[in-house]
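All values below come from the heavy atoms of this structure, side chains included, with hydrogens, waters and symmetry mates left out.
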Amino acid sequence: MNIRERYEQFELDHLSENAAKSRFSKGRAVAEPQCEIRTDYQRDRDRILHSKAFRRLKHKTQVFLSPEGDHYRTRLTHTLEVSQISRTIARSLNLNEDLTEAIALGHDLGHTPFGHTGERILNQLCLTGFKHNEQSLRVVDFLEIRNDKQGLNLTYEVRDGILNHPMGYKAATLEGQIVSISDRIAYINHDIDDASRANIIKPGQIPEKFLNELGSSHGQRINTMILDVINNSMDKNKIIMSKGVYDLTKELRDFLFENVYYNKIAKSEEDKTTFIVTKIFEYYINNFDCLPEFYLKIYKDNDFTKSEIIKDYIAGMTDRYAMKVFEDLYMPKPWKQ
């Protein structure tokens with residue numbers, strides 16, 4: 001046995017009967033020789049980690065547009081927190097930690113610049129609409145380049161988990177379901193932390209029932225939610241919270257929408273970013289041939305609409321690159337003789 005085969009056997013011998021086993025993966029769209037060292041899920045994790053789309057997450061907004069200071073979450077730090085929570089739950093439930101990590105690292109690759117504002121505007125502008133989970137799958141299936149070929153050619157299970165991580169979807173594997181619930185645990189808690197740092201949530205503003213029943217600190221609330229998921233999902237074929245903690249988590253999420261996500265201070269730059277995304281989209285609708293050659297080639301070689309291609313270009317931008325593109329397209333430049 002080589003190293004990969006030994007680890008595949010370890011999965012069979014030691015993981016839960018409900019765990020996804022890499023040896024029994026439904027495989028890739030294009031068959032490949034297997035690695036001697038890594039399982040298929042470990043290879044998927046590494047492909048995502050080394051992708052350009054993953055690196056761009058460090059300059060994409062999570063919640064706060066153009067925040068001042070270095071301690072607010074970005075889309076990258078959110079992804080890492082989701083990965084950490086997901087791995088903790090997967091390990092505790094004796095499920096496949098490698099699969100869980102791969103899904104977690106890839107789940108937000110399709111997010112736009114300027115957080116959910118960018119997502120909402122692209123959904124309005126693009127004729128086919130926009131959902132970040134579908135765009136994440138499009139990134140790994142098509143827009144990333146690996147070995148001069150389009151797409152990362154990931155396994156079915158990782159692709160399924162990426163597509164089905166939002167609320168209202170259900171992943172085919174327990175590992176994918178873990179990422180879905182970990183995503184909510186992560187953003188609910190770190191958005192409270194960021195909003196408190198920004199003084200958007202004031203001391204004493206969080207209702208006492210959340211502090212008493214979930215925890216008075218960031219770490220306590222995360223620990224309560226993780227333990228609840230583990231205790232209620234052990235040896236079951238679904239990942240769930242108890243009704244009490246689920247209801248409190250949902251109410252806390254509603255509290256964030258009311259007090260943070262729609263807060264005028266947190267969204268003070270939203271009109272500007274809406275204008276930026278809209279004007280970039282409008283420019284390329286009217287000047288499609290000015291898109292980078294990479295996107296023009298995709299349009300030429302595939303049956304996509306122009307708005308889909310423009311959407312791909314804009315969704316891949318970081319916040320600062322979107323602002324640079326807007327400046328290049330619309331701001332006058334000094335004349336040089």
Side-chain angles (χ1 to χ4, degrees), residues 28-30 47-48 50-61 65 75-76 79 106-154 158-160 162-166 169 270 272-331:
R28 310 180 187 278
V30 179
R47 290 179 185 186
I48 292 168
H50 291 288
S51 68
K52 290 187 292 185
F54 183 81
R55 295 196 292 275
R56 289 197 299 269
L57 295 176
K58 68 181 177 179
H59 293 303
K60 291 193 176 190
T61 287
L65 301 175
R75 189 64 61 179
L76 178 60
T79 294
H107 83 283
D108 268 359
L109 293 179
H111 251 298
T112 63
F114 310 125
H116 290 286
T117 301
E119 180 175 14
R120 188 184 71 252
I121 299 307
L122 279 186
N123 186 51
Q124 295 172 3
L125 294 172
C126 185
L127 295 175
T128 55
F130 182 90
K131 293 181 179 179
H132 78 270
N133 57 316
E134 294 176 359
Q135 189 68 18
S136 294
L137 190 64
R138 189 170 169 88
V139 168
V140 299
D141 280 354
F142 196 76
L143 296 174
E144 273 293 323
I145 301 298
R146 176 181 167 273
N147 295 336
D148 297 323
K149 296 179 180 178
Q150 286 184 305
L152 300 181
N153 196 31
L154 304 181
V158 173
R159 295 177 63 255
D160 171 81
I162 290 173
L163 178 63
N164 292 301
H165 78 269
Y169 292 74
E270 187 169 291
K272 297 176 186 177
T273 57
T274 296
F275 183 77
I276 289 171
V277 173
T278 301
K279 297 307 290 185
I280 293 174
F281 193 93
E282 288 177 355
Y283 178 88
Y284 285 111
I285 283 290
N286 296 320
N287 301 275
F288 185 78
D289 290 340
C290 293
L291 279 170
E293 185 61 35
F294 174 78
Y295 294 95
L296 294 176
K297 187 176 187 303
I298 292 175
Y299 178 73
K300 179 181 178 182
D301 295 344
N302 297 275
D303 188 25
F304 298 132
T305 65
K306 288 183 177 181
S307 68
E308 284 180 287
I309 300 300
I310 298 168
K311 173 258 297 178
D312 287 337
Y313 180 44
I314 295 176
M317 294 179 179
T318 62
D319 294 23
R320 62 187 185 180
Y321 184 71
M323 290 186 280
K324 180 181 182 302
V325 169
F326 175 84
E327 182 178 347
D328 290 343
L329 295 179
Y330 288 104
M331 299 299 290

Ignoring hydrogens and angles, tell me if any N or O in the side chain of [X] forms a donor-acceptor pair with the backbone of [Y] under 3.5 Å.
X	Y	answer
T278	F275	no
R28	N153	yes
R146	L152	no
T112	E119	yes
R56	M317	no
K60	H111	yes
E134	K131	no
S136	V139	no
R55	H50	yes

When rounded to the nearest 0.5 angstrom, what distance separates [atom1] in [X] from [atom2] in [Y]?
X	Y	atom1	atom2	value
R138	E144	CZ	CD	13.5 Å
L143	K52	CG	NZ	10.5 Å
S51	I145	OG	CD1	12.0 Å
D108	N133	CG	CG	9.5 Å
I314	Y321	CD1	OH	11.0 Å
L291	F288	CG	CZ	5.0 Å

Less than 4.5 Å apart, any side-chain heavy atom of [X] and any of [Y]?
X	Y	value
I276	F114	yes
L109	L57	yes
F142	I298	yes
I121	F281	no

Measure across V277 and L125 and return the closest heavy-atom pair with its distance rounded to 0.1 Å.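 Distance-wise, the nearest heavy atoms are O-CD1, 4.2 Å.
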
List the atom of F130, the atom of G110, and the distance in Å for their closest heavy-atom pair.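 For F130 and G110, the tightest heavy-atom pair comes out as CZ-O, 3.5 Å.
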
So does Y330 have more than 12 non-hydrogen atoms from other groups sitting under 6.0 Å from OH?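 Buried by this count: over 12 neighbours within 6.0 Å.
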
Carboxylate-amine/guanidinium contact E270 R120, below 4.0 Å: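 Salt bridge present between E270 and R120.
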
Would you call K279 and E282 a salt bridge, taking side-chain N to carboxylate O under 4.0 Å as the test?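 Looking at K279 and E282, the cut-off is met.
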
Is the closest side-chain donor-acceptor distance between H132 and Q135 under 3.5 Å?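 The criterion, which ignores hydrogens and geometry beyond distance, is not satisfied for Q135 and H132.
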
Can a donor-acceptor pair be found between the side chains of D319 and T61 at a distance below 3.5 Å?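 On atom types as modelled, these side chains qualify, holding a pair under 3.5 Å.
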
Would you please indicate yes or no on a ring centroid separation below 6.0 angstrom for Y284 and Y313?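 Between Y313 and Y284, the centre distance is under 6.0 Å.
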
